[in-house]
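One structure is given below, encoded as structure tokens.
Below, chains carry the letters A, B, ... as their sequence lines are ordered, and counting in each starts from 1. Bear in mind that the values here come from a model prediction, so they are computed numbers and not experimental data.
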There are 2 protein chains.
Amino acid sequence: MKEGPDIARLGALIGDPARANMLTALMSGKALTASELASEAGVTVQTASSHLSKLESGGLIHPRKQGRHRYFSLADDDVGGVLESLMGLAAKKGHMRTRTGPKDPALRQARVCYNHLAGERGVQMFDSLKTRKFLVETDEVLNLTKRGRAFVEDLGIDISNLSTNRRPLCKSCLDWSARRSHLAGALGTALLDRFYDLGWAAREPGTRIVNFTKNGEVAFLKTFGG
Amino acid sequence: MKEGPDIARLGALIGDPARANMLTALMSGKALTASELASEAGVTVQTASSHLSKLESGGLIHPRKQGRHRYFSLADDDVGGVLESLMGLAAKKGHMRTRTGPKDPALRQARVCYNHLAGERGVQMFDSLKTRKFLVETDEVLNLTKRGRAFVEDLGIDISNLSTNRRPLCKSCLDWSARRSHLAGALGTALLDRFYDLGWAAREPGTRIVNFTKNGEVAFLKTFGG
DNA sequence: ACAATGCTTCGGTTAGCATCGAAGTATGAA
DNA sequence: TTCATACTTCGATGCTAACCGAAGCATTGT
């Protein structure tokens, strides 16, 4: 029996190509069925089932039974954050798969990171919130100021609804393309959802790309400085 | 040929128990030799060598040749950050295991590194020489200034005798306990020898420990600032 | 010169695990 | 009930990579 440190188990889980494909697919934030994940990973459903049970017992994903389907999603924000930071490191080390398709620039500009906005747009929003003192970072903990709270409520977000949750309101997440931080946590999710509702942006189906509409881009730039 | 996403390669690198042990050992910030890492990982040096070359070509660690040793350290802060986040996730999932204990305190304070002084004393001496501009480091090359030369000669060391040797006069050596540098090279050797001659310190037989006498400690602190 | 130390490379063995076919369970539809 | 879909479990196979012994290379010390 081989005993390694804690991170070895996590690394081995992420280290298998099939499982890594599944996890990156789940980074879109959508819950996917076992069959869908199998085709994403390019393996049969039996193999996928084996992988999924390992990921589940490893605490990386969380199943939700619904009818005769099982929907899988990432276990929590921390898992998404770790995967994001791993992608960032991989990109920096030049091991990035060089499929320079048209998708790549779009991914860099705006994409979902599990359930919040990432990419240049996400970094821009984060910086804007910090320079205007809506967000302050003290002792590595992010806090929303009173003025920030007012700003967010002006956008039409119900803060009290979020703060009841045990999930942290504000959290910084290291970006994959830029090496800067963007906003994660409940507020990050709420903001992205609000952008959808306002018609500023929409998801490109089947990918992690977030497409901003013409009016949405104008409004976003006006709101988060240029 | 199996092609997975970028993070799979990183995951696989971290996923092997031996490599994970090496990486966690390097998380201390210290640079370690291949042999030390082998014993940390519980494998033979041949196996360790194979692992280390993989970690190096994966961009996770960075080698630094020094004499007949190769010191390895984490490539950059980003690698440490990713490992840290992985440990955090593993701890959260409850797979945490406590790790290696401390080493001999006497060794940390003052010891020989081949033939020069290492440990906290060595680092202190090195820092003192640099802040007083007796040593300057340009382009990763250490040079003794004129004032430094005078200072060393005042201690009773014959510089001209050393400079004839093909061995470099000044060389920085990465410390084992602190992760700072100390002075190696012909001058480092000469200084330690001079300490012996002056009766400031003596070797503890059979070990690498250097014991300072009471008077020697006072003189050392006076000479190299405290 | 010679020996000793630190590390790497080569070759062959072995263990683990991903993989898929086939059979089994569960849910939903006709 | 009977069939179809979604998924899991079992068993067998095959490939990868970790592992160590032995030999080779490089540096240092005597």
Between N or O atoms, less than 3.5 Å apart, protein on one side and nucleotides 26-30 of chain C on the other: list the pairs.
residue	atom	partner	partner atom	Å
C:dT27	OP1	A:K65	NZ	3.4

Expressed as a whole number of angstroms, how long is the span from [X]:[atom1] to [N]:[atom2]?
{"X": "B:H51", "N": "D:dA17", "atom1": "NE2", "atom2": "P", "result": "12 Å"}
{"X": "B:E36", "N": "C:dT5", "atom1": "CD", "atom2": "P", "result": "16 Å"}
{"X": "A:L13", "N": "C:dG16", "atom1": "CG", "atom2": "C1'", "result": "15 Å"}
{"X": "A:L52", "N": "C:dT19", "atom1": "CG", "atom2": "P", "result": "12 Å"}
{"X": "B:I14", "N": "D:dA18", "atom1": "CD1", "atom2": "P", "result": "14 Å"}
{"X": "A:E56", "N": "D:dT8", "atom1": "CD", "atom2": "C1'", "result": "12 Å"}
{"X": "B:K54", "N": "C:dT8", "atom1": "NZ", "atom2": "C1'", "result": "14 Å"}
{"X": "B:R9", "N": "D:dA17", "atom1": "CZ", "atom2": "C1'", "result": "15 Å"}

Short side-chain donor-acceptor distance under 3.5 Å, B:S160 and B:D158
yes
Are side-chain N/O atoms of B:E40 and B:N21 paired as donor and acceptor at under 3.5 Å?
no
Quick one: is [N] close enough that its OP1 or OP2 comes under 4.0 Å of any side-chain N or O from [X]?
{"X": "B:R70", "N": "D:dT27", "value": "no"}
{"X": "A:H69", "N": "D:dT5", "value": "no"}
{"X": "B:T44", "N": "D:dC20", "value": "yes"}
{"X": "A:T47", "N": "C:dT19", "value": "no"}

Set of side chain to side chain donor-acceptor pair (under 3.5 Å) partners for B:D154, sequence neighbours left out:
none
Applying side chain to side chain donor-acceptor pair (under 3.5 Å) to B:S128 and not counting sequence neighbours gives B:R132
Anything under 30° is parallel, anything over 60° is perpendicular, the rest tilted; go ahead and classify A:W200 against A:F195.
parallel
Sugar-phosphate, base or nothing in reach of [X], heavy atoms under 4.0 Å:
{"X": "B:S50", "result": "nothing"}
{"X": "B:A48", "result": "nothing"}
{"X": "A:S53", "result": "nothing"}

Dot-bracket encoding per residue of DNA chain D, Watson-Crick/G-U cut-off under 3.5 Å, | denoting interstrand
||||||||||||||||||||||||||||||
Sequence neighbours left out, what passes side-chain contact (heavy atoms from CB on, under 4.5 Å) with B:D193? Give chain and number order.
B:T189, B:Y196
What's the closest nucleotide to the side chain of [X] if the choices are [options]?
{"X": "B:V45", "options": "D:dC19, C:dT8, C:dT19", "answer": "C:dT8"}
{"X": "B:A34", "options": "D:dT8, C:dT8, C:dA18", "answer": "C:dT8"}
{"X": "A:Q46", "options": "D:dC19, C:dT19, C:dG21", "answer": "C:dG21"}

Show your reasoning for whether salt bridge (Lys or Arg N to Asp or Glu O under 4.0 Å) applies to A:E204 and A:R111.
CA-CA 9 Å; A:E204 170 118 5; A:R111 65 178 182 279; over 6 Å; no
With the threshold set at 4.0 Å, does a side-chain nitrogen-carboxylate oxygen contact exist between B:D78 and A:K92?
yes
Is the backbone of B:Q66 close enough, under 3.5 Å, to the side chain of B:Y71 for a donor and an acceptor to pair up by distance?
no
Please collect all salt bridge (Lys or Arg N to Asp or Glu O under 4.0 Å) contacts where either partner lies in residues 53-66 of chain A, sequence neighbours excluded, each pair once.
A:E56-A:R70
